[in-house]
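Here the structure is laid out as structure tokens; the discussion comes afterwards.
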Amino acid sequence: MKKLIICEKPKVAKKIGEALGKVKKRSYRGVPYYEVERDGEKIVVASAVGHLFTLEEDKRGKKFGEYPVFHVKWVPAWMVKGREYVKKYIETLKKLSRDVDEIYIATDWDIEGELIGFHALYYICGRRNAKRMRFSSLTREEILRAYKNPDSIDYGLVGAGESRHKLDWYYGINVSRALMQSLKAVNRWRTMSTGRVQGPALAFLVERELEIRNFKSRKYWVIEGLLEGDVKAIHSREKFWDEGEAKEVYNRIKGIGEGRVLRVLRRERSIRPLPPFDLGTLQREAYRIYKLSPKETQEIAQRLYEKGYCSYPRTSSQRLPDNWKYLGNILRKIGEIEEYRGYVERILREGRRPVKGKKEDPAHPAIHVVDVPEEPLTPKEEKIYHLIARRTLGVFWEDMRREYIEVDLEIGGELFKVSGARTLKRGWHEIYYFTEFEEKEIPNFRRGDVVRVKEIVLEERKTKPPKRYTMASIIKELERRRLGTKSTRAEIVEKLIKRGYVLEERGYLRVTNLGMAVIETLKRYCPEIVEEGMTRDMEDKLEKVQRGEVKKEDILKEAEERLRRILLEVKRREMEIGRELISRMEEDKASTRCPICGGSLVVRRSRYGEFLGCSQYPRCRYIQRE
DNA sequence: GCAAGGTC
């Protein structure tokens, strides 16, 4: 009996192999796989590298840029630029599956995992049936349990997965093309895109942009009492919206030189260590502390993972593995680093347990360091590594103790407040010192004390518009709105920037006029693509497909018909839309400009086909090559 | 060339 186990990624193949027994590592065309003997059977554990197949348009008889298009098929992903490496994985699976009696699918337990596994089985191994290992963590016990009690493939889930890809393709490709063809209709060109995630993401950036544009600042007044020793007391009303009222209070008390302490409230608070990193939190912290973009942080974390220094980065878990032996080993390793030794020794000696965060991920634990770098890291890798290391260690450490003091003060019959805060014990903050806590010492007020008031100040202030999103805050917002996945959010944001819909300006994301125009156009013609409800709606439909309540062909057909109607209308108005987009784009002086002379780029035709050239030809002979 | 999703 010979068995083949197909995993989602190489690292998991290794883990599963090792859980099943003593492995022999082999490789074919540079792709590793693992052989194990178990109960007299030979087991080969190999893997995919995520999706091995991708959707491609059936271009027969189609012109470039034509829409609508709905005829797509699955093709090997190595046919796509930049993904050539997929080929050797497909070839390896093909070779290994030739003489096996039984196949186990051991991809991640989710919609994409089911599809990845089925595609490998169907297109590479030429089978429809296999056993299915489902595990929610990669511990030895869990892997063995999944191996001994295999499930079967959930074809409903496979159908839902296929539908997810196709729906995203239908909407994304067609509406993107409609935008581009609208430009082309007025003889201009520019890469444009939108989709189920990009659309709503840009839409809520636009929403914030409009809030800022339409913001009317309001005046308000604050009254402060300056006390001895540079202490500020603030009138308990905080904001006076009425100038007359503020002045009345101010005039009444401005000459008063004394105040009386009514109440002193001291509260001690314990602050638990910040939980271990999920990807989103790591991205936010790396941006906040080092100004690394979420995409770069993700790439660095991926490299640290590949080098074996950190755990799997694409996780939404905030919990370390629940395995003391494993954690102990890791801690001992981190303890080899001089600056961490003292902490590690105490954690081990006292058997300290890590705190957990709220978020969980069935497939992976929180991001943690797993080893000490042997080779020197780049400066940025160094930063991320130690950020993760300190976070990991801090999770085991003691609570921080803080004291917050609130003082109520009476000045001329008005209530004022003074607040102070200080750290009593740093605890975990000693290790993970990247968060700042305000230290605001105030005198030791006691109830009944009479305090000298040096001056009463009346200040006019203005309300401020809401802040724009940053690279970091938008990732969190996407997460909150359940748009995109932990793996794709950073890329989505970069894409909006690349398209010229959004600019990063002094650290803040500002929507360009083009970005605004794209959303306005989409809202007018196909509002569903800018509504985040579309994701929710799609998920509902996919669940029905999975449960077998609806046929995938039906929901695909429905989407197709709907899009055909919408796109027909868009096509009829291409020139109008194109003109609108162009005029808004010009306001941005965006990169439709010729980089040589500043003229605009226009579509030109030669006997070799169409190309983009400078409008100033023949004065300027610039041609854009892509 | 356009999406979104997996992974190196």
Side-chain angles (χ1 to χ4, degrees), chain A residues 7-13 30-32 47-57 59 62-69 72 77-78 80-89 107-108 110-120 160-184 189-201 298-299 301-307 312-315 363-364 478 483-492 495-496 498-499 518 529 534-535 538-539 542 559 563 567 603 610 612 624-626:
Chain A
C7 309
E8 184 152 327
K9 42 189 168 282
K11 280 270 159 53
V12 173
V31 173
S47 90
V49 264
H51 286 294
L52 299 174
F53 295 85
T54 189
L55 288 175
E56 198 195 63
E57 178 185 359
K59 287 209 185 73
K62 291 267 168 55
K63 274 190 300 196
F64 181 88
E66 193 176 317
Y67 73 93
V69 279
V72 290
W78 51 259
V80 177
K81 201 169 69 187
R83 301 194 45 198
E84 294 79 6
Y85 65 88
V86 170
K87 192 168 189 178
K88 54 192 189 197
Y89 284 85
T107 46
D108 289 358
D110 56 28
I111 182 170
E112 303 298 332
E114 206 74 7
L115 188 62
I116 290 167
F118 180 74
H119 278 169
E162 288 212 11
S163 308
R164 203 280 300 151
H165 281 254
K166 286 184 179 166
L167 288 173
D168 278 343
W169 199 97
Y170 285 3
Y171 273 89
I173 301 291
N174 282 304
V175 182
S176 297
R177 280 187 189 175
L179 288 171
M180 289 187 278
Q181 291 300 107
S182 301
L183 292 187
K184 208 169 157 198
W189 182 257
R190 183 193 176 94
T191 303
M192 304 273 278
S193 67
T194 187
R196 176 177 54 84
V197 179
Q198 281 184 51
Q298 193 169 332
E299 285 162 0
Q302 173 69 21
R303 281 206 301 279
L304 291 172
Y305 161 66
E306 283 161 22
K307 292 180 187 176
Y312 188 76
R314 287 184 291 269
T315 175
H364 311 279
L478 286 168
L483 291 167
T485 70
K486 53 196 179 285
S487 319
T488 59
R489 288 182 190 116
E491 262 182 54
I492 298 267
K495 200 164 267 183
L496 295 177
K498 193 174 159 201
R499 297 278 180 261
V518 166
I529 199 132
M534 181 171 170
T535 293
M538 189 182 78
E539 282 168 358
L542 295 183
L563 268 166
L567 293 168
V603 179
E610 293 175 348
L612 288 180
Q624 184 150 313
R625 299 179 198 286
E626 279 217 50

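Everything numeric here is computed off the predicted structure, so don't read it as measured data. Lettering of chains follows the sequences in order, A, B, ..., and the numbering in each one begins at 1.
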Length of the line joining [X]:[atom1] and [N]:[atom2], which is rounded to integer Å:
X: R177(A); N: dG1(B); atom1: CZ; atom2: P; answer: 12 Å
X: K498(A); N: dA3(B); atom1: NZ; atom2: C1'; answer: 13 Å
X: E114(A); N: dG6(B); atom1: CD; atom2: P; answer: 14 Å
X: K184(A); N: dC2(B); atom1: NZ; atom2: C1'; answer: 13 Å
X: K166(A); N: dA4(B); atom1: NZ; atom2: P; answer: 18 Å
X: L55(A); N: dG1(B); atom1: CG; atom2: C1'; answer: 16 Å
X: I111(A); N: dA4(B); atom1: CD1; atom2: C1'; answer: 12 Å
X: E84(A); N: dT7(B); atom1: CD; atom2: C1'; answer: 14 Å

*Fit a plane to each ring of W189(A) and F64(A), take the angle between them on a 0 to 90° scale, and name the class: parallel (under 30°), tilted (30 to 60°) or perpendicular (over 60°).*
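Rings of W189(A) and F64(A): tilted, as their planes differ by 30° to 60°.
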
Is the distance from OP1 or OP2 of [N] to the nearest side-chain N or O of [X] less than 4.0 Å?
X: K495(A); N: dA3(B); value: yes
X: Q198(A); N: dA4(B); value: yes
X: Y312(A); N: dT7(B); value: yes
X: R499(A); N: dG1(B); value: no
X: T488(A); N: dA4(B); value: no
X: R314(A); N: dT7(B); value: yes

*Looking just at side-chain N and O atoms, do R314(A) and Q302(A) make a donor-acceptor pair shorter than 3.5 Å?*
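Distance-only check passes for R314(A) and Q302(A).
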
*Residue met sooner reading DNA chain B from 5', once G199(A) and E491(A) are mapped to nucleotides*: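 Going by which nucleotide is closer to the 5' end, it is G199(A).
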
*How do H364(A) and K81(A) order along DNA chain B: which one's closest nucleotide is nearer the 5' end?*
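Closest to the 5' end, via its nearest nucleotide, is K81(A).
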
_With E299(A) via salt bridge (Lys or Arg N to Asp or Glu O under 4.0 Å) - residues at least two apart_ =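 Expected list: K295(A).
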
*Please name all residues satisfying salt bridge (Lys or Arg N to Asp or Glu O under 4.0 Å) with E162(A), sequence neighbours left out, ordered by chain then number.*
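Counting only residues at least two positions away or on another chain, E162(A) forms a salt bridge (Lys or Arg N to Asp or Glu O under 4.0 Å) with K166(A), K552(A).
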
Out of [options], whichever nucleotide has its closest atom nearest the side chain of [X]:
X: M180(A); options: dA4(B), dG1(B), dG6(B); result: dG1(B)
X: K9(A); options: dC2(B), dT7(B), dG5(B); result: dT7(B)
X: K59(A); options: dG1(B), dA4(B), dA3(B); result: dG1(B)
X: R83(A); options: dG1(B), dA4(B), dG6(B); result: dG6(B)
X: S176(A); options: dG5(B), dC2(B), dG1(B); result: dC2(B)

Over all strands shown, is [X] touching base, sugar-phosphate only, or nothing at heavy-atom distances under 4.0 angstrom?
X: I492(A); result: sugar-phosphate
X: N174(A); result: nothing
X: V49(A); result: base
X: G484(A); result: sugar-phosphate
X: R196(A); result: sugar-phosphate
X: S487(A); result: base
X: R489(A); result: nothing
X: T107(A); result: nothing

*Just wondering, more than 12 heavy atoms not from K498(A) lying within 6.0 Å of its NZ?*
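Check fails, neighbour count at 12 or below.
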
_Check: D168(A) main-chain N/O paired with R196(A) side-chain donor or acceptor under 3.5 Å_ =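 Pair absent, no side-chain N/O of R196(A) close to backbone of D168(A).
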
*F64(A) stacking on dG1(B): centroids under 5.5 Å, ring planes under 30°?*
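Yes; by the centre-distance and plane-angle rule, F64(A) counts as stacking on dG1(B).
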
*Flag side-chain contact, heavy atom, 4.5 Å: K88(A) against W78(A)*: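 No, their side chains stay 4.5 Å or more apart.
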
